[in-house]
Amino acid sequence: MRPGIRAMPDSWGAGISELNARIQRLPPQLISQIAAGEVVERPASVVKELLENSLDAGAAHIGVEVEQGGIRLIRVRDDGGGIHPDDVRLALVRHATSKIANFDDLHRVASLGFRGEALPSIASVARLTLTSRPAGGETGWRIRGDGGDAVEEPVPAPHPVGTTVEVRDLFFNVPARRKFLRGERTEFGHIEEGIRRLALSRFAVGFSLWHNRRAILDLKPATDQMAQARRVAELCGQEFIASSLCIDRGAAGLRVWGWLGLPSIARAQPDLQYFFVNGRPVRDRTIAHAVRQAYRDVLYQDRYPAVVLYLELDSALVDVNAHPAKHEVRFRDSSLVHETIRQVVQTTLAAVRPGGAPPPAVQIGERLRSMGQYYDDRNYDDRTGSKGHFGAGQQRLPLAVQERLAAYGELYPASPPEPSPAPVDLPPASEQPPLGYALGQLHGCYVLAENADGLVVVDMHAAHERILYERLKTSFAEGNLETQALLVPATLSIGPRERQVVEEHGALFERVGIEIEILGPKTVAIRQIPALLVGSDISGLVRDMLADLAVRETTDRSETTILSLLSSLACHSAVRANRSLNLLEMNALLRNMERTDHSGQCNHGRPTWAQLTLDELDRLFRRGR
């Protein structure tokens, strides 16, 4: 025996030798308990399987009662179609199901359950009682399973139309499994989360949940858009529904609909991501990655978007038989699904801009504030030739202008300066641009503007950052990122780590229009920059970008890295706080925001502007009270 290798205990070898001596059939009870290990992981697994059976039975309302986190009692009652008396006993027989009949059915599964394993598996590790009455039946029928091989014969029992399944003392006969269960609060948390997922998947069904005889959820059927939004708000929070975008798009034979949370409510964990495929709650990597890719331009790298997203497609194009507990699915063409979802979500987020058409109004309790950011599926029609309410002759603020007007990009097509109207001579509300006209600047950070609805506050750095980033992306994608050679190269002193970054990422800098040459061990020269950044602090910009790359420590040169570099370029080039702007520059910023995709958020997901309506201002100052 080689040194360092421990010998196998004699008892292990003896056990294996005995088992390998002969092949034998496993007893039915052990087979069921092995199957239960795949289907019944914890009380929440039992609730999930029973709820799926109720939904497949066409229930309009399902009630769930739980005691001690589901370990002592789980009772699920529905008003579905019930079970025929002759089939009640078959319900507790393994691989007996009414949901598929042949191999072809397996390729077009439309029900949530279909394996015929749930009830027998549960009955093998708990004390189960099933009572059911079909429509038109004179009475209900009851059958019991007590954790053994034998199943009692069904007996008549009073029961309304529908089915009740009662599960007591889970894992009472499998103590090794029972000891792995968590505390009551944890187990109930898993049950509640599972019911939330199913309640989001079937709006037309009412759900109620009781724990230790205390009401937890009482969800009425949601048959219209208002009621559906109200249910989403109750299950996901009012902040989510108030800061989300309603979408419903069809493309390539797929329908994608649901709610997309704005980047401002992104989370540290993917705990508010719900995905559904043909009404089935799933945890799917293809969908999750597509959503992540669509949000990458508006979120910090370590944040996760909040979404409730539904995908509908031909059942023949998705395999739901990929996981024993049916948590996962497999798409026949995963690349098509990925690209469709990514494009739909990305297009929706890109259209979040000032002046977009609002989604259908949602009123849940008090008025839901959406910060004025809406999904707009139309191209914004710029007012050609307009330079805003204040013309070029508008008197400047008594502050030194430190930011070049060209940094905001070109204004509207050149035209003679319009006369400056008196402050009270505002155009009609229907003719005012969405963000209105600038009034002034606050603390060198915020632009204050007046629009038809009231007061607009703009974070000028965040807004300018987004504008620059979108321009850089467009130029890069079209292959016409204009560059300009510096007459006098800018030199920069660097340390060993920064030099290493320049050596590793020199080609990457060139792709985004920055040419850096190493002059010596501690010096580099910047010889070329993007034309958009002419006049910026180039040395400081490159130093900041080198610091970003040093922290990220990546050599990946994929599109993601390019976009990250462009984002960093825009962030460090955008107008900084404490820069004084004149009214012409402020209005140029507002107009550019109205024309720029994603302008509702900066590159990191922070909101770029907020709206205070006249009603909100009146309430703030108690006017009319």
Side-chain angles (χ1 to χ4, degrees), residues 225-227 229-230 232-234 236-246 259 261-265 352-376 380 383 386 388-390 394-395 397 420-463 577 581-583 586-594 599-602 606-625:
Q225 191 171 32
M226 181 76 74
R230 191 175 295 115
V232 173
E234 185 169 351
C236 301
Q238 290 192 6
E239 181 187 16
F240 171 78
I241 202 68
S243 302
S244 63
L245 310 169
C246 299
W259 290 264
L262 291 173
S264 57
I265 60 169
V352 177
R353 65 181 72 170
V362 178
Q363 298 294 332
I364 305 173
E366 62 183 2
R367 177 177 173 270
L368 299 176
R369 299 182 58 183
S370 60
M371 301 183 66
Q373 301 176 24
Y374 296 121
Y375 161 60
D376 181 15
Y380 179 71
R383 198 172 306 167
S386 171
H389 180 59
F390 297 97
Q394 171 67 29
Q395 183 178 0
L397 293 177
S420 177
V424 296
D425 186 20
L426 292 174
S430 60
E431 299 179 9
Q432 294 184 29
L435 292 180
Y437 305 111
L439 301 173
Q441 194 176 12
L442 181 65
H443 288 290
C445 294
Y446 302 101
V447 172
L448 305 181
E450 176 184 355
N451 68 355
D453 295 322
L455 177 68
V456 173
V457 183
V458 174
D459 183 332
M460 66 183 195
H461 170 75
L581 307 177
N582 62 19
L583 290 176
M586 296 181 207
N587 280 306
L589 177 63
L590 300 180
R591 301 294 81 80
N592 281 328
M593 289 177 64
E594 292 162 354
S599 63
Q601 309 86 29
C602 75
R606 293 188 296 107
T608 59
W609 69 288
Q611 172 83 60
L612 277 173
T613 66
L614 291 175
D615 288 341
E616 290 168 333
L617 291 170
D618 287 343
R619 287 198 297 270
L620 181 63
F621 293 101
R622 298 183 178 275
R623 290 182 60 88
R625 298 187 181 183

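Note that this is a predicted model, so its numbers are computed, not measured.
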For [X] against [Y], the heavy-atom pair lying closest together:
| X | Y | answer |
| --- | --- | --- |
| R606 | A462 | NH2-CB, 3.9 Å |
| I241 | A233 | CG2-CB, 3.6 Å |
| C246 | W259 | SG-NE1, 3.4 Å |
| G436 | R591 | O-NH2, 2.6 Å |
| A463 | V458 | CB-CG1, 4.0 Å |

Any side-chain heavy atom of L448 within less than 4.5 Å of one from V456?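 Side chain of L448 against side chain of V456, heavy atoms only: no contact under 4.5 Å found.
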
Heavy-atom side-chain proximity of L455 to E616 below 4.5 angstrom: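 No. Closest side-chain heavy atoms not under 4.5 Å.
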
Can you tell me how far [atom2] of [Y] sits from [atom1] of [X], rounded to the nearest 0.5 angstrom?
| X | Y | atom1 | atom2 | result |
| --- | --- | --- | --- | --- |
| D618 | L612 | CG | CG | 11.5 Å |
| N582 | Q441 | CG | CD | 9.5 Å |
| Q601 | L262 | CD | CG | 6.0 Å |
| C445 | H461 | SG | NE2 | 10.0 Å |
| L583 | L590 | CG | CG | 10.0 Å |
| L614 | E450 | CG | CD | 8.5 Å |

Take D459 and Y446 through the side chain to side chain contact (heavy atoms under 4.5 Å, CB included) test and state the conclusion after the steps. CA-CA 5 Å; D459 183 332; Y446 302 101; 4.3 Å; yes

[X] side chain to [Y] main-chain N or O, any donor-acceptor pair under 3.5 Å?
| X | Y | value |
| --- | --- | --- |
| T608 | S599 | yes |
| E594 | L435 | yes |
| N451 | P434 | yes |

